[in-house]
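First the structure, in the form of C-alpha coordinates, and then the observations on it.
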2 protein chains.
Amino acid sequence: MNNSIKRMATMQRMQVTGLELFYKKGYYNTSVDDILKELSLSKGAFYYHFDSKEDFLIQIIDNLIVRRVYSMLIEPIEGHDNPLDLITNCFDNALETAVHNEMDYGFILNNLIAEFNGKNSTVMKHLTDILKIWEVNLVTALQKGKFNGFIDRHVDCEGVATYLMSSFIGIRTLMTDVAPSARKYRFMAQLRQYFKSIELKPENV
Amino acid sequence: MNNSIKRMATMQRMQVTGLELFYKKGYYNTSVDDILKELSLSKGAFYYHFDSKEDFLIQIIDNLIVRRVYSMLIEPIEGHDNPLDLITNCFDNALETAVHNEMDYGFILNNLIAEFNGKNSTVMKHLTDILKIWEVNLVTALQKGKFNGFIDRHVDCEGVATYLMSSFIGIRTLMTDVAPSARKYRFMAQLRQYFKSIELKPENV
DNA sequence: TACAAAAGAGACCTAATAGTCTGTTTAACT
DNA sequence: AGTTAAACAGACTATTAGGTCTCTTTTGTA
(Lines give C-alpha, C1' and ligand atoms only; values in the text may rest on other atoms or scores of the structure.)
Protein backbone atom coordinates (compact mmCIF):
# COMPACT_ATOMS: atom_id res chain seq x y z
CA MET A 1 0.00 0.00 0.00
CA ASN A 2 1.29 3.41 -0.90
CA ASN A 3 2.56 5.47 1.99
CA SER A 4 0.53 8.50 1.25
CA ILE A 5 -2.62 6.47 0.79
CA LYS A 6 -2.30 4.72 4.12
CA ARG A 7 -1.65 8.04 5.79
CA MET A 8 -4.73 9.52 4.18
CA ALA A 9 -6.85 6.53 5.12
CA THR A 10 -5.92 6.75 8.79
CA MET A 11 -6.40 10.49 8.91
CA GLN A 12 -9.77 10.08 7.22
CA ARG A 13 -10.87 7.44 9.74
CA MET A 14 -9.85 9.69 12.61
CA GLN A 15 -11.63 12.69 11.17
CA VAL A 16 -14.85 10.81 10.49
CA THR A 17 -14.96 9.48 14.04
CA GLY A 18 -13.89 12.83 15.42
CA LEU A 19 -16.68 14.66 13.63
CA GLU A 20 -19.20 12.10 14.81
CA LEU A 21 -18.18 12.52 18.44
CA PHE A 22 -17.86 16.30 18.24
CA TYR A 23 -21.36 16.35 16.80
CA LYS A 24 -22.71 14.12 19.53
CA LYS A 25 -20.91 15.48 22.55
CA GLY A 26 -19.44 18.79 21.48
CA TYR A 27 -15.80 19.67 21.01
CA TYR A 28 -14.84 20.55 24.58
CA ASN A 29 -16.76 17.61 25.93
CA THR A 30 -14.99 15.11 23.68
CA SER A 31 -11.48 14.12 24.65
CA VAL A 32 -8.81 12.96 22.26
CA ASP A 33 -8.79 9.71 24.18
CA ASP A 34 -12.52 9.27 23.52
CA ILE A 35 -11.85 9.38 19.80
CA LEU A 36 -8.85 7.09 20.02
CA LYS A 37 -10.71 4.57 22.13
CA GLU A 38 -13.44 4.42 19.50
CA LEU A 39 -10.80 3.66 16.87
CA SER A 40 -8.53 1.48 19.01
CA LEU A 41 -5.68 3.81 18.29
CA SER A 42 -3.15 5.48 20.55
CA LYS A 43 -1.97 8.94 21.38
CA GLY A 44 1.11 8.29 19.31
CA ALA A 45 -0.97 7.78 16.21
CA PHE A 46 -3.01 10.89 16.79
CA TYR A 47 -0.13 13.28 17.37
CA TYR A 48 1.82 11.73 14.56
CA HIS A 49 -0.88 12.89 12.13
CA PHE A 50 -2.15 16.07 13.79
CA ASP A 51 -0.39 18.91 15.55
CA SER A 52 -3.07 19.42 18.16
CA LYS A 53 -6.73 18.87 18.92
CA GLU A 54 -7.49 22.26 17.43
CA ASP A 55 -5.57 21.47 14.25
CA PHE A 56 -7.58 18.24 14.09
CA LEU A 57 -10.87 20.12 14.33
CA ILE A 58 -9.87 22.66 11.68
CA GLN A 59 -9.01 19.86 9.26
CA ILE A 60 -12.38 18.27 9.96
CA ILE A 61 -14.09 21.57 9.23
CA ASP A 62 -12.15 22.22 6.05
CA ASN A 63 -12.60 18.69 4.76
CA LEU A 64 -15.69 16.91 6.01
CA ILE A 65 -17.98 19.74 6.99
CA VAL A 66 -17.30 21.83 3.90
CA ARG A 67 -18.10 18.84 1.72
CA ARG A 68 -21.30 18.08 3.56
CA VAL A 69 -22.49 21.64 3.20
CA TYR A 70 -21.68 21.52 -0.48
CA SER A 71 -23.48 18.28 -1.15
CA MET A 72 -26.42 19.03 1.10
CA LEU A 73 -27.02 22.75 0.69
CA ILE A 74 -25.14 24.09 -2.30
CA GLU A 75 -25.04 21.61 -5.16
CA PRO A 76 -28.79 20.92 -4.96
CA ILE A 77 -29.58 24.56 -5.70
CA GLU A 78 -27.38 24.80 -8.77
CA GLY A 79 -29.15 24.58 -12.09
CA HIS A 80 -31.43 26.51 -14.36
CA ASP A 81 -34.75 25.55 -12.83
CA ASN A 82 -36.77 27.83 -10.58
CA PRO A 83 -34.42 28.45 -7.62
CA LEU A 84 -37.37 28.73 -5.27
CA ASP A 85 -38.30 25.15 -6.16
CA LEU A 86 -34.71 24.02 -5.91
CA ILE A 87 -34.29 25.61 -2.49
CA THR A 88 -37.60 24.20 -1.30
CA ASN A 89 -36.59 20.67 -2.28
CA CYS A 90 -33.09 21.16 -0.92
CA PHE A 91 -34.33 22.25 2.51
CA ASP A 92 -36.92 19.49 2.48
CA ASN A 93 -34.27 16.86 1.93
CA ALA A 94 -31.81 18.37 4.37
CA LEU A 95 -34.43 18.45 7.10
CA GLU A 96 -35.68 14.97 6.32
CA THR A 97 -32.43 13.38 7.45
CA ALA A 98 -32.86 15.18 10.76
CA VAL A 99 -36.39 13.80 11.12
CA HIS A 100 -35.34 10.21 10.63
CA ASN A 101 -32.28 10.39 12.79
CA GLU A 102 -33.47 9.88 16.34
CA MET A 103 -30.07 11.01 17.56
CA ASP A 104 -30.10 14.47 16.11
CA TYR A 105 -27.91 17.18 17.51
CA GLY A 106 -28.84 20.02 15.21
CA PHE A 107 -26.94 21.82 12.51
CA ILE A 108 -23.28 21.10 13.05
CA LEU A 109 -22.21 24.56 11.91
CA ASN A 110 -24.55 26.21 14.36
CA ASN A 111 -23.37 23.97 17.18
CA LEU A 112 -19.74 24.74 16.55
CA ILE A 113 -20.34 28.46 16.16
CA ALA A 114 -22.23 28.50 19.45
CA GLU A 115 -19.33 26.67 21.07
CA PHE A 116 -16.48 28.77 19.65
CA ASN A 117 -17.89 32.25 19.18
CA GLY A 118 -15.87 34.70 21.22
CA LYS A 119 -13.43 32.02 22.34
CA ASN A 120 -11.37 31.02 19.35
CA SER A 121 -11.19 33.34 16.37
CA THR A 122 -9.12 30.90 14.34
CA VAL A 123 -11.74 28.19 14.44
CA MET A 124 -14.49 30.77 14.00
CA LYS A 125 -12.95 31.98 10.77
CA HIS A 126 -13.07 28.51 9.26
CA LEU A 127 -16.70 28.16 10.32
CA THR A 128 -17.89 31.52 9.08
CA ASP A 129 -16.07 30.95 5.81
CA ILE A 130 -18.44 28.08 5.16
CA LEU A 131 -21.42 30.29 5.94
CA LYS A 132 -20.08 32.82 3.44
CA ILE A 133 -19.75 30.18 0.75
CA TRP A 134 -23.32 29.09 1.38
CA GLU A 135 -24.52 32.67 1.30
CA VAL A 136 -22.76 33.51 -1.94
CA ASN A 137 -24.23 30.47 -3.64
CA LEU A 138 -27.72 31.27 -2.40
CA VAL A 139 -27.49 34.83 -3.66
CA THR A 140 -26.19 33.66 -7.02
CA ALA A 141 -29.00 31.16 -7.40
CA LEU A 142 -31.60 33.79 -6.50
CA GLN A 143 -30.17 36.35 -8.91
CA LYS A 144 -30.19 33.79 -11.67
CA GLY A 145 -33.81 33.12 -10.79
CA LYS A 146 -34.53 36.79 -11.10
CA PHE A 147 -32.85 36.91 -14.51
CA ASN A 148 -34.78 33.88 -15.68
CA GLY A 149 -38.12 35.34 -14.68
CA PHE A 150 -38.87 33.21 -11.62
CA ILE A 151 -38.42 35.91 -9.01
CA ASP A 152 -39.82 39.42 -8.84
CA ARG A 153 -37.24 41.99 -9.90
CA HIS A 154 -37.82 44.12 -6.79
CA VAL A 155 -36.66 41.35 -4.49
CA ASP A 156 -33.45 41.86 -2.49
CA CYS A 157 -31.54 38.63 -3.07
CA GLU A 158 -29.06 39.25 -0.23
CA GLY A 159 -31.98 39.76 2.10
CA VAL A 160 -33.69 36.58 1.00
CA ALA A 161 -30.46 34.65 1.41
CA THR A 162 -30.01 35.99 4.96
CA TYR A 163 -33.60 35.12 5.80
CA LEU A 164 -33.25 31.62 4.39
CA MET A 165 -30.03 30.90 6.22
CA SER A 166 -31.49 32.22 9.46
CA SER A 167 -34.60 30.15 9.26
CA PHE A 168 -32.69 27.00 8.34
CA ILE A 169 -30.22 27.37 11.20
CA GLY A 170 -33.06 28.03 13.59
CA ILE A 171 -35.34 25.22 12.53
CA ARG A 172 -32.49 22.78 12.90
CA THR A 173 -32.14 23.88 16.50
CA LEU A 174 -35.85 23.57 17.13
CA MET A 175 -35.99 20.15 15.51
CA THR A 176 -33.66 18.74 18.14
CA ASP A 177 -36.37 19.40 20.68
CA VAL A 178 -39.68 17.60 20.24
CA ALA A 179 -41.80 16.40 17.34
CA PRO A 180 -39.23 17.18 14.65
CA SER A 181 -41.53 15.84 11.98
CA ALA A 182 -44.36 18.23 12.83
CA ARG A 183 -41.89 21.07 13.12
CA LYS A 184 -40.51 20.32 9.68
CA TYR A 185 -43.96 20.15 8.11
CA ARG A 186 -44.97 23.51 9.53
CA PHE A 187 -41.68 25.06 8.60
CA MET A 188 -41.87 23.94 4.98
CA ALA A 189 -45.43 25.24 4.67
CA GLN A 190 -44.38 28.67 5.86
CA LEU A 191 -41.34 28.65 3.63
CA ARG A 192 -43.61 28.10 0.62
CA GLN A 193 -45.86 30.88 1.87
CA TYR A 194 -42.87 33.20 2.04
CA PHE A 195 -41.66 32.17 -1.41
CA LYS A 196 -45.06 32.95 -2.87
CA SER A 197 -44.54 36.53 -1.77
CA ILE A 198 -41.31 36.96 -3.70
CA GLU A 199 -41.99 34.96 -6.85
CA LEU A 200 -42.75 36.73 -10.10
CA LYS A 201 -46.52 36.81 -10.36
CA PRO A 202 -48.22 36.85 -13.76
CA GLU A 203 -50.02 40.13 -13.04
CA ASN A 204 -46.67 41.76 -12.32
CA VAL A 205 -45.26 40.95 -15.78
CA MET B 1 -29.59 42.83 57.17
CA ASN B 2 -32.07 39.99 57.04
CA ASN B 3 -30.57 36.54 56.66
CA SER B 4 -32.63 35.53 53.75
CA ILE B 5 -32.04 38.78 51.94
CA LYS B 6 -28.30 38.51 52.23
CA ARG B 7 -28.41 34.97 50.98
CA MET B 8 -30.51 36.00 48.01
CA ALA B 9 -28.23 38.93 47.25
CA THR B 10 -25.11 36.76 47.15
CA MET B 11 -26.78 34.08 45.07
CA GLN B 12 -28.03 36.76 42.70
CA ARG B 13 -24.54 38.23 42.29
CA MET B 14 -23.13 34.80 41.57
CA GLN B 15 -25.83 34.01 39.06
CA VAL B 16 -25.47 37.30 37.20
CA THR B 17 -21.72 36.85 36.88
CA GLY B 18 -22.14 33.19 36.05
CA LEU B 19 -24.56 33.92 33.23
CA GLU B 20 -22.25 36.59 31.87
CA LEU B 21 -19.30 34.24 31.75
CA PHE B 22 -21.31 31.26 30.44
CA TYR B 23 -22.56 33.56 27.71
CA LYS B 24 -19.06 34.75 26.85
CA LYS B 25 -17.10 31.53 27.16
CA GLY B 26 -19.65 28.75 27.26
CA TYR B 27 -20.53 26.50 30.18
CA TYR B 28 -17.86 23.84 29.85
CA ASN B 29 -15.23 26.44 29.11
CA THR B 30 -15.99 28.44 32.24
CA SER B 31 -14.69 27.08 35.52
CA VAL B 32 -16.26 27.69 38.88
CA ASP B 33 -13.01 29.37 39.86
CA ASP B 34 -13.35 31.80 36.95
CA ILE B 35 -16.67 32.96 38.32
CA LEU B 36 -15.41 33.16 41.89
CA LYS B 37 -12.32 35.10 40.86
CA GLU B 38 -14.54 37.67 39.15
CA LEU B 39 -16.50 38.05 42.37
CA SER B 40 -13.59 37.73 44.82
CA LEU B 41 -15.38 34.86 46.48
CA SER B 42 -14.23 31.41 47.46
CA LYS B 43 -15.16 27.82 46.80
CA GLY B 44 -16.70 27.69 50.24
CA ALA B 45 -19.18 30.39 49.35
CA PHE B 46 -20.12 28.77 46.07
CA TYR B 47 -20.78 25.28 47.41
CA TYR B 48 -22.53 26.70 50.43
CA HIS B 49 -25.17 28.17 48.13
CA PHE B 50 -25.26 25.65 45.28
CA ASP B 51 -25.11 21.89 45.18
CA SER B 52 -23.04 21.70 42.02
CA LYS B 53 -22.07 23.59 38.91
CA GLU B 54 -25.03 22.02 37.11
CA ASP B 55 -27.45 23.06 39.87
CA PHE B 56 -26.00 26.56 39.55
CA LEU B 57 -26.66 26.63 35.79
CA ILE B 58 -30.21 25.37 36.17
CA GLN B 59 -30.99 28.09 38.68
CA ILE B 60 -29.56 30.65 36.26
CA ILE B 61 -31.77 29.29 33.50
CA ASP B 62 -34.91 29.22 35.65
CA ASN B 63 -34.32 32.67 37.08
CA LEU B 64 -32.32 34.99 34.87
CA ILE B 65 -32.81 33.54 31.42
CA VAL B 66 -36.54 32.96 31.81
CA ARG B 67 -36.99 36.57 32.91
CA ARG B 68 -34.97 37.90 30.03
CA VAL B 69 -36.99 35.94 27.52
CA TYR B 70 -40.16 37.22 29.10
CA SER B 71 -39.14 40.86 29.09
CA MET B 72 -37.50 40.75 25.68
CA LEU B 73 -39.67 38.40 23.65
CA ILE B 74 -42.95 37.73 25.40
CA GLU B 75 -44.24 40.83 27.20
CA PRO B 76 -43.69 43.08 24.17
CA ILE B 77 -46.09 41.02 22.08
CA GLU B 78 -48.92 41.07 24.58
CA GLY B 79 -51.71 43.53 23.88
CA HIS B 80 -54.57 44.15 21.57
CA ASP B 81 -52.74 45.84 18.72
CA ASN B 82 -51.86 44.10 15.49
CA PRO B 83 -49.61 41.21 16.60
CA LEU B 84 -47.65 41.44 13.37
CA ASP B 85 -46.67 44.99 14.31
CA LEU B 86 -45.94 43.99 17.89
CA ILE B 87 -43.73 41.12 16.78
CA THR B 88 -41.95 43.28 14.23
CA ASN B 89 -41.11 45.89 16.86
CA CYS B 90 -40.23 43.23 19.40
CA PHE B 91 -37.74 41.55 17.07
CA ASP B 92 -36.39 44.92 16.00
CA ASN B 93 -35.61 45.86 19.59
CA ALA B 94 -34.26 42.46 20.53
CA LEU B 95 -31.87 42.49 17.58
CA GLU B 96 -30.83 46.09 18.17
CA THR B 97 -29.13 45.23 21.44
CA ALA B 98 -27.11 42.65 19.54
CA VAL B 99 -26.09 45.24 16.97
CA HIS B 100 -24.78 47.69 19.54
CA ASN B 101 -23.02 45.15 21.68
CA GLU B 102 -19.65 44.59 20.05
CA MET B 103 -19.16 41.56 22.26
CA ASP B 104 -22.12 39.55 21.06
CA TYR B 105 -22.24 35.83 21.47
CA GLY B 106 -25.61 35.10 19.97
CA PHE B 107 -28.86 33.95 21.45
CA ILE B 108 -28.10 32.49 24.86
CA LEU B 109 -30.79 29.82 24.54
CA ASN B 110 -29.41 28.66 21.23
CA ASN B 111 -25.86 28.57 22.59
CA LEU B 112 -26.86 26.48 25.58
CA ILE B 113 -28.99 24.11 23.54
CA ALA B 114 -26.11 23.57 21.14
CA GLU B 115 -23.85 22.85 24.10
CA PHE B 116 -26.16 20.50 25.99
CA ASN B 117 -28.25 18.74 23.38
CA GLY B 118 -27.70 15.00 23.64
CA LYS B 119 -25.45 15.37 26.67
CA ASN B 120 -27.59 16.42 29.58
CA SER B 121 -31.31 15.88 29.39
CA THR B 122 -31.95 17.60 32.72
CA VAL B 123 -30.49 20.88 31.56
CA MET B 124 -32.09 20.45 28.15
CA LYS B 125 -35.53 20.18 29.70
CA HIS B 126 -35.15 23.52 31.41
CA LEU B 127 -34.00 25.09 28.16
CA THR B 128 -36.71 23.66 25.96
CA ASP B 129 -39.32 24.62 28.54
CA ILE B 130 -38.44 28.23 27.85
CA LEU B 131 -38.81 27.67 24.13
CA LYS B 132 -42.24 26.17 24.77
CA ILE B 133 -43.33 29.18 26.80
CA TRP B 134 -42.19 31.47 24.00
CA GLU B 135 -43.98 29.37 21.42
CA VAL B 136 -47.25 29.27 23.34
CA ASN B 137 -47.25 33.03 23.75
CA LEU B 138 -46.49 33.57 20.08
CA VAL B 139 -49.32 31.29 19.03
CA THR B 140 -51.71 33.00 21.43
CA ALA B 141 -50.78 36.44 20.12
CA LEU B 142 -51.25 35.32 16.53
CA GLN B 143 -54.61 33.70 17.22
CA LYS B 144 -55.79 36.85 18.92
CA GLY B 145 -54.64 38.76 15.85
CA LYS B 146 -56.69 36.45 13.71
CA PHE B 147 -59.74 36.97 15.89
CA ASN B 148 -59.28 40.73 15.77
CA GLY B 149 -59.05 40.79 12.01
CA PHE B 150 -55.35 41.48 11.58
CA ILE B 151 -54.37 38.08 10.22
CA ASP B 152 -55.91 36.03 7.45
CA ARG B 153 -58.12 33.27 8.83
CA HIS B 154 -56.43 30.58 6.71
CA VAL B 155 -53.09 31.12 8.40
CA ASP B 156 -51.64 28.33 10.54
CA CYS B 157 -50.61 30.10 13.74
CA GLU B 158 -48.46 27.22 14.98
CA GLY B 159 -46.63 27.24 11.68
CA VAL B 160 -46.02 30.96 11.80
CA ALA B 161 -44.75 30.69 15.37
CA THR B 162 -42.32 27.94 14.38
CA TYR B 163 -41.12 29.97 11.43
CA LEU B 164 -40.66 33.09 13.56
CA MET B 165 -38.75 31.27 16.27
CA SER B 166 -36.54 29.58 13.71
CA SER B 167 -35.66 32.76 11.91
CA PHE B 168 -34.96 34.62 15.15
CA ILE B 169 -32.68 31.92 16.50
CA GLY B 170 -30.87 31.76 13.19
CA ILE B 171 -30.40 35.47 12.65
CA ARG B 172 -28.91 35.78 16.12
CA THR B 173 -26.33 33.21 15.12
CA LEU B 174 -25.57 34.99 11.87
CA MET B 175 -25.32 38.36 13.58
CA THR B 176 -22.37 37.16 15.63
CA ASP B 177 -20.45 36.87 12.40
CA VAL B 178 -19.91 40.04 10.40
CA ALA B 179 -21.84 43.23 9.74
CA PRO B 180 -24.61 42.55 12.24
CA SER B 181 -26.27 45.84 11.41
CA ALA B 182 -26.64 45.03 7.72
CA ARG B 183 -27.81 41.53 8.59
CA LYS B 184 -30.46 42.91 10.89
CA TYR B 185 -31.68 45.40 8.30
CA ARG B 186 -32.08 42.72 5.64
CA PHE B 187 -33.70 40.35 8.06
CA MET B 188 -36.31 42.85 9.19
CA ALA B 189 -37.14 43.72 5.60
CA GLN B 190 -37.80 40.07 4.76
CA LEU B 191 -39.78 39.58 7.94
CA ARG B 192 -42.10 42.39 6.85
CA GLN B 193 -42.33 40.85 3.42
CA TYR B 194 -43.35 37.55 4.99
CA PHE B 195 -45.87 39.22 7.27
CA LYS B 196 -47.50 40.93 4.29
CA SER B 197 -48.27 37.47 2.95
CA ILE B 198 -50.22 36.41 6.04
CA GLU B 199 -51.98 39.62 7.02
CA LEU B 200 -55.68 40.03 6.31
CA LYS B 201 -55.88 41.91 3.03
CA PRO B 202 -58.86 44.17 2.27
CA GLU B 203 -59.79 42.21 -0.86
CA ASN B 204 -60.02 39.03 1.25
CA VAL B 205 -62.66 40.45 3.56
C1' DT C 1 17.69 -10.06 3.56
C1' DA C 2 18.94 -5.55 5.17
C1' DC C 3 17.83 -1.02 6.10
C1' DA C 4 15.50 3.27 6.78
C1' DA C 5 11.56 5.80 7.33
C1' DA C 6 6.80 5.85 8.36
C1' DA C 7 3.25 4.57 11.60
C1' DG C 8 1.75 3.49 15.92
C1' DA C 9 1.88 2.03 21.23
C1' DG C 10 1.59 3.62 25.62
C1' DA C 11 3.80 5.34 29.86
C1' DC C 12 4.43 9.75 31.62
C1' DC C 13 4.11 14.82 32.58
C1' DT C 14 1.72 19.00 33.69
C1' DA C 15 -2.12 21.96 34.10
C1' DA C 16 -6.77 22.51 35.09
C1' DT C 17 -11.09 21.57 37.38
C1' DA C 18 -15.25 19.93 40.14
C1' DG C 19 -15.96 19.04 44.52
C1' DT C 20 -14.67 18.25 49.83
C1' DC C 21 -13.45 19.51 54.34
C1' DT C 22 -11.88 21.99 58.18
C1' DG C 23 -11.40 26.21 60.17
C1' DT C 24 -12.61 31.23 60.61
C1' DT C 25 -15.48 35.30 60.31
C1' DT C 26 -19.89 37.65 60.38
C1' DA C 27 -24.35 38.56 61.95
C1' DA C 28 -28.70 37.62 64.32
C1' DC C 29 -30.85 36.78 68.72
C1' DT C 30 -31.34 36.38 73.67
C1' DA D 1 -21.69 40.20 76.18
C1' DG D 2 -22.30 35.52 74.91
C1' DT D 3 -24.09 31.95 72.02
C1' DT D 4 -25.33 29.86 67.81
C1' DA D 5 -25.80 29.26 63.14
C1' DA D 6 -25.16 31.20 58.74
C1' DA D 7 -21.68 32.67 55.48
C1' DC D 8 -17.34 32.40 53.75
C1' DA D 9 -11.99 31.31 53.20
C1' DG D 10 -8.87 28.42 51.22
C1' DA D 11 -5.99 24.31 51.37
C1' DC D 12 -6.53 19.75 49.65
C1' DT D 13 -8.11 15.66 46.79
C1' DA D 14 -9.27 12.93 42.90
C1' DT D 15 -9.77 12.93 38.23
C1' DT D 16 -9.38 14.26 33.63
C1' DA D 17 -7.32 15.89 29.50
C1' DG D 18 -3.92 17.75 26.16
C1' DG D 19 0.41 16.96 24.89
C1' DT D 20 5.40 14.77 25.02
C1' DC D 21 8.71 11.25 24.63
C1' DT D 22 10.75 6.90 23.99
C1' DC D 23 10.34 2.56 22.21
C1' DT D 24 8.33 -0.93 19.04
C1' DT D 25 6.18 -2.47 14.83
C1' DT D 26 5.09 -2.15 10.15
C1' DT D 27 6.12 -1.16 5.45
C1' DG D 28 8.29 0.34 1.25
C1' DT D 29 12.74 -0.18 -1.18
C1' DA D 30 17.37 -1.73 -2.73
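Here the structure is a predicted model, which is why all the values come from computation and not from measurement. Letters A, B, ... mirror the listed sequences (proteins, then strands); counts begin at 1.
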**Asked** Aromatic ring centroids of Tyr163(A) and Tyr194(A) under 6.0 Å?
**Response** yes

**Asked** Between Arg7(B) and dA6(D), does any side-chain N or O lie under 4.0 Å from OP1 or OP2?
**Response** no

**Message:** Does Lys53(A) contact dG19(D) through a side-chain donor or acceptor facing the base, at a distance under 3.5 Å?
**Reply:** no

**Item:** Rounded distance (Å) that lies between atom P of dG19(C) and atom OH of Tyr47(B)
**Value:** 4 Å

**Item:** Separation of atom CG in Leu41(A) from atom P in dT26(D), rounded to whole Å
**Value:** 14 Å

**Message:** Check whether Thr17(A) reaches the backbone of Met14(A) with its side chain - one donor and one acceptor, N or O, closer than 3.5 Å.
**Reply:** no

**Message:** By nearest atom, which of the nucleotides dA18(C), dG10(C), dC8(D) is closest to the Lys43(A) side chain?
**Reply:** dG10(C)

**Message:** Is there a side-chain contact between Thr10(A) and the phosphate of dA7(C), meaning an N or O under 4.0 Å from OP1 or OP2?
**Reply:** no

**Asked** Taking CZ from Arg13(A) and C1' from dG8(C), how many angstroms apart are they, rounded to a whole number?
**Response** 12 Å

**Message:** Applying ring pair (Phe, Tyr, Trp, His ring centres under 6.0 Å) to Phe56(A) and Phe46(A), what does each step give before you reach the verdict?
**Reply:** CA-CA 9 Å; Phe56(A) 178 61; Phe46(A) 185 87; 5.0 Å; yes

**Request:** Would you please confirm or rule out a distance under 4.0 Å between OP1 or OP2 of dG10(C) and any side-chain N or O of Ser42(A)?
**Result:** no

**Request:** With the side chain counted from C-beta on, respond yes when Thr88(A) and Asp92(A) share a heavy-atom pair under 4.5 Å apart, and no when they do not.
**Result:** no

**Asked** In whole angstrom, what separates His49(B)'s NE2 from dG19(C)'s P?
**Response** 17 Å

**Prompt:** Would Lys53(B) count as a cation-pi partner of Tyr27(B), with NZ or CZ less than 6.0 Å from the six-membered ring centre and within 45° of the ring normal?
**Reply:** yes

**Request:** Find the distance Leu57(B):CG to dG19(C):P and express it as a whole number of Å.
**Result:** 12 Å

**Item:** Leu39(B) CG - dA9(D) P separation (whole Å)
**Value:** 10 Å

**Request:** Dump the intermediate steps for salt bridge (Lys or Arg N to Asp or Glu O under 4.0 Å) on Asp33(B) and Lys43(B), then the final yes or no.
**Result:** CA-CA 7 Å; Asp33(B) 283 322; Lys43(B) 277 274 173 71; 3.6 Å; yes

**Item:** Rounded interatomic separation in angstrom, taking CZ from Phe46(A) and P from dC21(D)
**Value:** 17 Å

**Asked** In residues 14-37 of chain A, which residues come under 4.0 Å of DNA chain D by heavy atom?
**Response** Thr30(A), Ser31(A), Val32(A)

**Request:** Measure from CG on Asp55(B) to C1' on dG19(C) and round the result to the nearest Å.
**Result:** 13 Å

**Message:** By nearest atom, which of the nucleotides dG19(D), dA6(C), dA9(C) is closest to the Tyr48(A) side chain?
**Reply:** dA6(C)

**Request:** Taking all heavy atoms of Ser52(A) and all of Tyr47(A), pick out the closest pair and write down the distance.
**Result:** CA-CE2, 4.0 Å

